[in-house]
Amino acid sequence: MSRVLASLRYRFLLALSVVLLLALAALGFIAQQLILPALLAEEDEYAAAEIDRALLAIDNELDHLYLLNRDWGVWDDTHAFMQEEAPQYQASNLAQGAVFDEANLRLMIFLDADAAPHLIAGIDPANGAYTACPAPTGECAWTVPMVASLQKRIHDGVEPGRAAWLQASPELGLMSVSPILESDGSGPSLGWLSMIREMDAAWLSKLKRNTGLNLSLTAPRDGPVPLGASIRRDDSRTMTAVREIQASPAGSRIRLQITLPRQGFKSSLDTLLFALYWTIGLLVVVVIVVLILLERMILAPLRHFAAFAQDIDTLARNDMPPGLRARHDEIGKLARKFQHLLEHQRQRTSSLVELSQHDPLTGLANRRLFDERIDHALEAARSDRRHVALLMIDIDHFKAYNDHYGHPAGDACLKVVAETMRKHFNQSGQLVARTGGEEFTIILPGTTPAESTARADELRMAIESLALPHAGSPHASLLTVSIGVATASPQERCSAAQLIQAADDALYEAKQAGRNCTRLMARQVTATA
Ligand SMILES: Nc1nc2c(ncn2[C@@H]2O[C@H](COP(=O)(O)OP(=O)(O)OP(=O)(O)O)[C@@H](O)[C@H]2O)c(=O)[nH]1
């Protein structure tokens with residue numbers, strides 16, 4: 001896990017995924033907490049408006065009934081009938097209940113000024129028969145609740161304007177009352193005329209037709225509908241709105257219930273979801289595009305850069321990939337600067353290596369490089385089954401040379417001798433090293449004792465033939481060298497130290513022999529384990 005997090009690519013992926021999830025959560029929160037409640041509140045308003053519309057339609061029905069009731073109340077014939085002056089009134093106007101069918105009435109109640117029954121006429125709901133009686137008794141006993149309810153209302157005081165209300169029992173109906181007056185509306189009132197219209201199926205379907213609402217009216221037996229439960233969402237397609245209306249007898253209620261389509265809410269919700277899905281889709285696309293751009297513009301080049309930097313010591317690859325250096329952006333600048341620093345570092349390193357392995361005066365290999373190479377030379381000679389020779393060269397009486405010509409001249413002399421040796425031994429695998437002040441050692445791979453002695457003598461004579469004057473020498477007037485030669489044969493295991501010691505011994509012998517000569521080691525180097 002920590003390895004994955006160490007990669008910029010995965011960290012970006014993780015960070016952008018977190019951002020995406022947060023954005024989605026924010027969208028979900030906004031939709032859930034802000035937009036959806038607003039849509040539901042809008043739907044509540046729509047339901048309340050529809051309920052109001054239904055109530056208005058019922059109000060109109062009450063108005064119509066009241067107007068009919070009032071017309072009859074100020075009719076001359078009714079006025080006369082209440083004074084017992086119109087004996088034909090009942091027979092000609094109410095006979096056989098024709099008027100009840102025409103005006104869609106259940107009952108008409110005539111009360112005198114003291115609210116005592118004068119005439120009660122209507123259609124008995126139990127059998128559909130027309131009944132007319134002076135009091136709610138006998139065949140008119142079914143009218144007792146209506147008469148009692150009317151009398152209570154008159155007793156409580158009838159509103160001076162429109163007096164019409166709903167009746168919850170014994171059946172659902174509209175009820176109105178009007179004083180019985182002169183035809184010009186003047187008093188005194190001779191009594192009261194009340195009309196009751198049943199809210200039957202035909203009446204309800206007419207109301208449905210007029211309003212376009214799927215409504216129903218019931219007299220509830222349960223408790224009143226709590227305010228919060230006045231709108232109930234049945235499923236995703238329909239909801240039910242309920243409102244309760246005061247009715248008679250006192251304390252009764254009629255429940256108006258409307259089933260409403262949730263089309264508006266559904267289409268708003270569809271639009272919201274459509275916008276939400278598009279937003280989510282766009283967010284995902286944006287995140288993917290950002291990731292691709294990041295990958296192409298930054299992460300992939302950085303990965304190449306990091307791979308190059310990581311392999312720089314192990315791979316033969318020396319240069320920054322050209323694609324990185326050719327870029328014109330910050331990564332390109334960084335790559336070019338890195339390459340520049342790398343080259344600078346390499347130059348400094350190679351200078352240091354050069355300095356640490358070579359003698360500054362003569363430019364020849366120094367003791368350190370010689371020690372490295374002699375081991376390799378011995379190893380290679382053994383594996384190639386060849387000889388390897390060591391030539392140890394010492395300038396004769398160099399102290400005297402310095403003393404005579406001075407130290408700077410001695411330095412110049414050393415340079416000339418070194419150059420001569422370099423020219424003689426410049427083949428691959430050969431190494432000329434300055435291993436002491438005026439002492440040099442040469443590694444000669446692939447030469448037998450005889451060949452190496454011959455090569456040593458050639459060098460010695462070449463140095464003598466330089467004809468460098470050596471006035472301080474007690475032996476010769478020109479500069480000469482003594483050379484000790486030692487070889488290791490492929491059959492023997494010989495260490496570098498042994499070979500060097502043997503060459504040193506041979507050099508000593510050359511010095512003892514009078515200098516300006518070459519001596520091969522007296523015997524073969526002893527084999528070691
Ligand atoms: N000019 C100069 N002289 C050096 C340098 N290194 C060593 N020498 C001198 O080389 C001389 C070596 O002297 P010795 O070891 O006594 O040997 P020699 O005089 O050559 O006598 P033999 O070797 O016995 O022939 C010393 O005087 C050193 O000061 C150098 O870098 N430059």
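Order of appearance sets the numbers: ligands from 1, and atoms from 1 within every ligand. Counting begins at 1 with the first residue of the sequence.
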Closest approach of any protein heavy atom to atom 24 (O) of ligand 1, naming residue and atom: Arg515 NH2, 2.8 Å

Atom indices of ligand 1 within 4.0 angstrom of Asp396 heavy atoms, with elements: 25 (O)

Identity and distance of the protein heavy atom lying nearest atom 32 (N) of ligand 1: Asp411 OD1, 2.8 Å

How about Asn366 and Arg434: does a side-chain donor come under 3.5 Å of a side-chain acceptor? no

Report yes if some heavy atom in the side chain of Val416 is under 4.5 Å from a heavy atom in the side chain of Leu466; otherwise report no. yes

Ile231 and Met239, any side-chain heavy atoms less than 4.5 Å apart: yes

Listed partners of Tyr401 passing ring pair (Phe, Tyr, Trp, His ring centres under 6.0 Å), at least two apart: Phe398, Tyr405, His470

heavy-atom search around atom 17 (O) of ligand 1 in the protein gives Glu438 OE1, 4.2 Å

Could you give all pairs that pass the side-chain hydrogen bond (donor to acceptor under 3.5 Å, both in side chains) test and reach residues 278-293, with sequence neighbours left out? none

Heavy-atom pair of closest approach, residues Leu283 and Leu27: CD1-CD1, 4.0 Å

Can you report which non-hydrogen protein atom sits closest to atom 7 (C) of ligand 1, along with the distance? Gly437 CA, 3.6 Å

Please check if a non-hydrogen protein atom sits closer than 4.0 Å to atom 3 (N) of ligand 1. yes

Is a salt bridge present between Glu458 and Arg455, judged by a nitrogen-to-oxygen distance below 4.0 Å? yes

Would you mind checking which non-hydrogen protein atom is closest to atom 28 (C) of ligand 1, with the distance to 0.1 Å? Asn402 ND2, 4.2 Å

Checking contacts here: is it the side chain or the backbone of Ile395 that comes within 4.0 Å of ligand 1, counting heavy atoms only? Could be both or neither. backbone

Closer than 4.0 Å to some heavy atom of Arg434 - which atoms of ligand 1 meet that? 5 (C), 6 (N), 30 (C), 31 (O)

Distance to 0.1 Å, residue and atom name: give those for the protein heavy atom nearest to atom 20 (O) of ligand 1. Phe398 N, 2.8 Å

Answer whether the closest heavy-atom distance between the side chains of Ile443 and Phe425 falls below 4.5 Å. no

Please could you name the atoms of ligand 1 that Gly410 approaches to less than 4.0 Å, counting only its heavy atoms? 1 (N)

Per-residue contact class, Lys415 against ligand 1 - non-hydrogen pairs under 4.0 Å: neither

Does a donor on one side chain sit under 3.5 Å from an acceptor on the other, for Asp505 and Gln501? yes

Which heavy atom of the protein is the closest neighbour of atom 13 (O) of ligand 1, given with residue, atom name and distance? Lys399 CB, 3.6 Å

